[in-house]
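Below, each value reflects all heavy atoms present in this structure, side chains not excepted, and no hydrogens, waters or symmetry copies.
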2 protein chains.
Amino acid sequence: MLLSNTCIYGLRASVLLASKLSDDFVTIRELSDELNISFHFLTKVLQMLTKSGILKSYKGPNGGVKLARPASQITFMDIVESIDGKQIIKECALGLPGCGELKPCPLHDQWSALKENILNMMNHISLEQLASNRASDQFNISMHY
Amino acid sequence: MLLSNTCIYGLRASVLLASKLSDDFVTIRELSDELNISFHFLTKVLQMLTKSGILKSYKGPNGGVKLARPASQITFMDIVESIDGKQIIKECALGLPGCGELKPCPLHDQWSALKENILNMMNHISLEQLASNRASDQFNISMHY
DNA sequence: GTATATTAAGATAAAATACTCTTTAATATG
DNA sequence: CATATTAAAGAGTATTTTATCTTAATATAC
C-alpha cells in the first residue's frame, strides 16, 4: 500500500471539502458522517492538515474546517506530504543503501520511471480536479513493450 | 512505501541467491551477513518463501536455502505476492469502497494506469534479470503531458 | 550414538500505525 | 455571564509490523 490509511482519510476529506459550494466552515462531524470515518480519528488527521496550512479551522458555533486556498491551488501531493511525509516513495524498490545514479541497484531505472509517473500524477492533480472528477483531463500515461 | 520491509528483505535475499553461480544450498547466515539483515528475522522471511515454494531448504550441515526454480522463472511479483500478499496495490488510491469501472472514484483512471505499469513491471522482471542487472532490457516506460 | 550444523517454530518484545476517549480552549448566542 | 458548539490537545488502547530470543526438529560426520 502506497499511502497510509491516515493519508487516505485526509485526501478523502479534502476532496469532499473541495466539492462544497459554499465557503462556510464545515464541521468535522459532518465530514466524518459523510465519509464514514471515526469522528475523533478524522479530527486528528485534519489537525495535521490545519497545522501544515492546507486547512483553516475555526472553533465554536458555525465553526469547522475549510480549505485555506482555492481547491485549484492544492495538489494531491500537498496532502500526501503533509500526512505521510516527503519520503512516500523510497529511492528504489529494493531499498538498497546507496542506490542512486552513481551505483544503481538492479531495479533502479525501472523504478525511477515508475516513481516519476507517480510523483508527477500527485504533483499535478489538484483538489479541484478531483472534486469535479475531471482529473483525467490532465493525463495520458502509456507503456510500451 | 509500496512494499513492506519484510518484502524488500525477501527480494534482496532472492536476488542474491539468484546471483550465486553454484547450485549448492546457501546458509541464511551467509545471506544475512552479506545483506546486513538480522539473521533471525531473515530466517522468518525466507520461511515464507520456502512455504510458498519459491525456495527449497535443507537442514543440517551443508544445508541452507536455494531457489526452487531457475531464476529466469521466478518473477519479482512471485516474491511480492508471497510476502505482502496479492493486494499490495489497492483498487484505487483513495481506497473508496466500491470504486471500480462502474462507479469510478475521481482518481480511478489515473490510478489504474499507474497500477498497470507497476504490476506489469513486477510480473515481467525475473530474478535472473535482477541478478544480472539487465532488468532494463525489458522496459520502456513513458509518460506524455 | 554423540556432537555439530542448520532450518523451523514458537514465544516474546519493541516500534509504528490506527483508533478512542477525555479534557481544554475558543467562540457564539442569548 | 451562562450555556452550547466546536476544534485542539493529551492520554490511553488496540493492532500490525518489525525484530529478537529460545527451543525443537532434521541432517551430517565421526
Side-chain angles (χ1 to χ4, degrees), chain A residues 1-14 16-17 20 24-68 80 82-85 87-88 90 95, chain B residues 1-14 17 24-68 80 82-85 87-88 90 95:
Chain A
M1 254 207 328
L2 189 55
L3 304 174
S4 72
N5 244 329
T6 306
C7 185
I8 288 172
Y9 291 165
L11 282 163
R12 290 170 62 185
S14 299
L16 183 51
L17 278 173
K20 303 281 180 187
D24 293 346
F25 285 101
V26 180
T27 67
I28 298 177
R29 177 70 66 184
E30 183 181 333
L31 295 172
S32 72
D33 283 351
E34 274 197 68
L35 296 170
N36 245 299
I37 300 172
S38 139
F39 165 71
H40 287 294
F41 191 54
L42 187 59
T43 294
K44 291 292 184 198
V45 178
L46 298 189
Q47 273 173 31
M48 292 191 232
L49 295 180
T50 302
K51 277 182 189 161
S52 60
I54 290 167
L55 301 184
K56 276 190 293 200
S57 70
Y58 199 78
K59 291 176 184 172
N62 308 316
V65 295
K66 64 160 94 168
L67 300 181
V80 170
S82 153
I83 296 177
D84 275 353
Q87 288 306 314
I88 22 151
K90 272 195 177 172
Chain B
M1 253 206 329
L2 188 56
L3 305 174
S4 72
N5 244 329
T6 306
C7 185
I8 288 172
Y9 291 166
L11 282 164
R12 289 169 62 184
S14 300
L17 278 175
D24 293 346
F25 285 102
V26 179
T27 66
I28 299 177
R29 177 69 67 184
E30 183 181 331
L31 296 172
S32 71
D33 283 351
E34 274 197 67
L35 296 170
N36 245 300
I37 300 172
S38 140
F39 165 71
H40 287 293
F41 192 55
L42 187 59
T43 294
K44 292 290 186 198
V45 178
L46 297 191
Q47 273 172 31
M48 291 191 232
L49 295 180
T50 301
K51 278 181 188 159
S52 60
I54 291 167
L55 300 185
K56 274 190 294 201
S57 70
Y58 200 78
K59 291 176 184 172
N62 309 315
V65 294
K66 64 161 91 168
L67 300 181
V80 170
S82 153
I83 296 176
D84 276 353
Q87 290 305 317
I88 24 151
K90 271 195 177 171

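Residues A/Thr50 and A/Ser57 come closest through the heavy atom pair CG2-OG, 3.7 Å. Closest non-hydrogen pair, A/Val65 versus A/Leu17, comes out as O-CD2, 3.8 Å. Closest non-hydrogen pair, A/Ile54 versus A/Ser82, comes out as CD1-CB, 3.8 Å.
Among the nucleotides D/dT6, C/dA8, D/dT18, the one closest to the side chain of B/Asn5 is D/dT18. With distances taken from any side-chain atom of A/Lys44 to the nucleotides D/dT22, D/dA9, D/dT18, the minimum falls on D/dA9. Of the candidates D/dT18, C/dT7, D/dA27, C/dT7 carries the atom nearest the B/Ile28 side chain, counting heavy atoms from C-beta on. Here C/dA18 is the nucleotide among C/dT20, C/dA18, D/dA19 with the atom lying nearest to any side-chain atom of A/Thr6. Distances were taken from every side-chain heavy atom of B/Ser57 (C-beta onward) to each of C/dA28, C/dT7, C/dC19; the shortest belongs to C/dT7. Closest to the side chain of B/Thr27, out of C/dT6, C/dT22, D/dT6, is C/dT6. Distances from the side chain of B/Gln47 to the nucleotides D/dT26, C/dA9, C/dA28 place C/dA9 closest.
B/Phe25 and B/Tyr58 have parallel rings, their planes meeting at less than 30° on a 0 to 90° scale where 60° marks the start of perpendicular.
Taking atom CZ of residue A/Phe25 and atom P of nucleotide D/dT5, one finds them 19 Å apart after rounding to whole Å. If you measure from atom NE2 of A/His40 to atom P of C/dT23, you get 12 Å, rounded to the nearest angstrom. Distance, A/Met48 CE to D/dA7 P: 16 Å, rounded to whole Å. Atoms CG (B/Asp24) and P (D/dA27) sit 18 Å apart, rounded to a whole Å. One can place CZ of A/Arg29 at 17 Å from P of D/dA4, the figure rounded to the nearest angstrom. Rounded to an integer number of Å, the gap from CD of A/Glu30 to P of D/dA7 is 10 Å. The CD1 atom of B/Ile83 sits 11 Å away from the P atom of D/dT18 (whole-angstrom rounding). Distance, A/Asn36 CG to C/dA18 C1': 17 Å, rounded to whole Å.
For D/dT20, the OP1/OP2 oxygens have a side-chain nitrogen or oxygen of B/Ser38 closer than 4.0 Å. Regarding contacts with the backbone of C/dT7, every side-chain N or O of B/Thr43 stays at 4.0 angstrom or more from both OP1 and OP2. Contact between the side-chain N/O atoms of B/Tyr9 and the OP1/OP2 oxygens of D/dT18 is not found at any separation under 4.0 Å.
At a threshold of 4.0 angstrom between heavy atoms, the contacts of B/Lys56 with the nucleic acid are absent. Among the protein residues, A/Tyr58 comes within range of the sugar-phosphate backbone only, with heavy atoms under 4.0 Å from sugar or phosphate atoms but none that close to a base. Heavy atoms of B/Leu46 sit nowhere under 4.0 angstrom from any nucleic acid atom.
Put simply, the residue from A/Lys20, A/Arg12, A/Arg29 that forms a salt bridge (charged side-chain N to carboxylate O under 4.0 Å, His left out) with A/Glu34 is A/Lys20.
Between B/Lys59 and B/Asp84, the residue anchored closer to the 5' end of DNA chain D is B/Asp84, taking for each the nucleotide with the nearest heavy atom. Sequence order on DNA chain C of the closest nucleotides to A/Phe39 and A/Asn62 puts A/Phe39 first from the 5' end. Map A/Lys51 and A/Gly60 each onto its nearest nucleotide of DNA chain D; the residue landing nearer the 5' end is A/Gly60.
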**OP:** Could you go through the side chain to side chain contact (heavy atoms under 4.5 Å, CB included) check for A/Asn62 and A/Asp24 one step at a time?
**Re:** CA-CA 8 Å; A/Asn62 308 316; A/Asp24 293 346; over 6 Å; no
